[in-house]
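Atoms within each ligand, like the ligands themselves, are counted from 1 in listed order.
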Amino acid sequence: MEVVIKPVCTLHGDVLVPGDKSMSHRAVMLGALADGETEIENFLFGEDCLSTIHVVQSLGVEVHIGKDRVVVRGGGLNALREPDDVLDAGNSGTTMRLMAGILSGCPFFSVLTGDASLRRRPMQRVIKPLAAMGARITARGGNAYAPMAITGGDLCAITYRSPVASAQVKSAVLLAGLFADGPTTVIEPARSRDHTERLLSYFGARVEVEDKQVSVWGRPELRGRKVVVPGDISSAMFFLVAGAVIPGADLLVRNVGINRTRAGALKVLMEMGADINILNEQQVSGEPVADIRVRSSRLKGTIINGAIIPYLIDELPALAVAAVMAEGVTVVRDAAELRFKETDRITAIVKLLSQMGADITEQEDGFVIRGGHALHGMECDSYGDHRMAMAAAVAGLKARGITKIKSAECVKISFPAFFDTLNSLSVQ
Ligand code: S3P
């Protein structure tokens, strides 16, 4: 599908973004491991989270997909059954890595695979700690890439010092730890998003967090619960950047999750000078949620590096667009993890924005942008990556001429109604 983006005069209105992707995955997984019914409101009906539903259904868990909610009927930690076919995680790294943790605890054979992009992404980072806990895992390319075959069961608790700040690695180990006796601990080089810890406590597990260290105690009695998923800040960020850079814009993005370990991009955008107000803050299902108002303003360049990187890793494509429209230089460092996402997002951002006329240079672990160069529309590639397609669309709103985005259907991964939402706000 090719989508055409025309420059807009301005943007006005209320925006509702779909439910948080990370939380939607985790709510289904914990619902599958809990006893009783878990009702998930504002679930993200994107392709990635649907992959998680299909995987847990293949493991014998009853999942009912309603119009605006999902109901999971779990039977406790020991209720999963050996699947009779290969499990397909599609494009979803979260499905594959977190389910690898759960399957490591299950005393049966399973095989996890995914699409071409997912089969190129590193899996050793979860295989290594899970094997150390006792899971027998073999994978393609010398235990590096999916498909991976797992024979689980008989795990022992470990303390794992992860070399990467990755919530997927941390969560895989913690979920496997549910099946071991005693505490399983993960220590990260920098803290990653903490949705797994929060939701595990919410479902009744004993969890302790101390700085960059998280422990979960094994064999808890998880109880099914109602989970209300907040709007996804990663999806909201495209509208927050658009609202900040389009002259005269005024947008209210409602019901967005603002968990500190996810909202790094909000902080950076405010530091860049964006006119942002956080309103109606409240706690929902153990997570902070707010409405966010953004009005157009002059942005200035900034440095983005260090411990904040894991808190905004998925938002760097959107922030790069903001940096292109800002005055001065923006430097992104310590973000080599971007190379292991749905596509190599460092190379993809640099290609996209430089072809549109931006001054951007690639670095090993990030990029440097000299802002203030006008963009021109062109035909660009999404690289099959949802966040690249949405970043191209936001850049196109302020470019001269028309921007055409090829393979734009990939927005279905995290935000199926993205283009309709954008159109509803555009004043041409
Ligand atoms: C996610 C963690 C991050 C993020 C991904 C979702 C999660 O990946 O980029 O989109 O839900 O745990 P890493 O754990 O690889 O950093």
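Distances below 4.0 Å separate heavy atoms of Thr94 from the following atoms of ligand 1: 1 (C), 6 (C), 7 (C), 11 (O). Listed by number with element, the atoms of ligand 1 under 4.0 Å from a non-hydrogen atom of Ala167 are 12 (O), 14 (O). Ligand 1 places these atoms under 4.0 Å from at least one heavy atom of Ile313: 9 (O).
For the pair Arg223 and Tyr202, the cation-pi criterion (under 6.0 Å, within 45° of the ring axis) is not fulfilled.
Between Val169 and ligand 1, not a single N/O pair is under 3.5 Å apart. At under 3.5 Å, not a single nitrogen or oxygen of Glu337, backbone or side chain, sits near a nitrogen or oxygen of ligand 1.
Using a 4.0 Å cut-off between a side-chain N of Lys or Arg and a carboxylate O of Asp or Glu, Glu342 and Arg387 do not qualify as a salt bridge. Looking at Glu362 and Arg339, a side-chain N of the basic residue comes within less than 4.0 Å of a carboxylate O on the acidic one, giving a salt bridge. A salt bridge is absent between Glu188 and Lys212; no separation between the charged side-chain nitrogens and carboxylate oxygens falls under 4.0 Å.
No part of His25 comes within 4.0 Å of ligand 1, judged by heavy-atom distances. Residue-level proximity to ligand 1 for Arg193 is carried by the side chain, the only part with a heavy atom below 4.0 angstrom. The part of Arg26 lying near ligand 1 is the side chain, judged by heavy-atom distances below 4.0 Å.
Counting heavy atoms only, Lys341 comes closest to atom 16 (O) of ligand 1 of the residues Met23, His386, Lys341. With distances taken over non-hydrogen atoms, the option nearest atom 1 (C) of ligand 1 out of Lys21, Gln168, Glu342 is Gln168. Closest heavy-atom approach to atom 4 (C) of ligand 1 within the set Asp314, Ile413, Asp20: this belongs to Asp314.
At most 12 heavy atoms of other shown residues, nucleotides or ligands fall within 6.0 angstrom of atom NZ in Lys412. No more than 12 heavy atoms of other residues, nucleotides or ligands lie within 6.0 Å of NZ in Lys404, so this atom counts as exposed by the packing criterion.
When Lys226, Lys67, Arg225 are each tested for a salt bridge (charged side-chain N to carboxylate O under 4.0 Å, His left out) with Glu41, only one passes: Lys226.
Shortest contact from atom 14 (O) of ligand 1 to any protein heavy atom: Ser166 OG, 2.7 Å.
For Phe239 and Phe418, the gap between ring centers is short of 6.0 Å.
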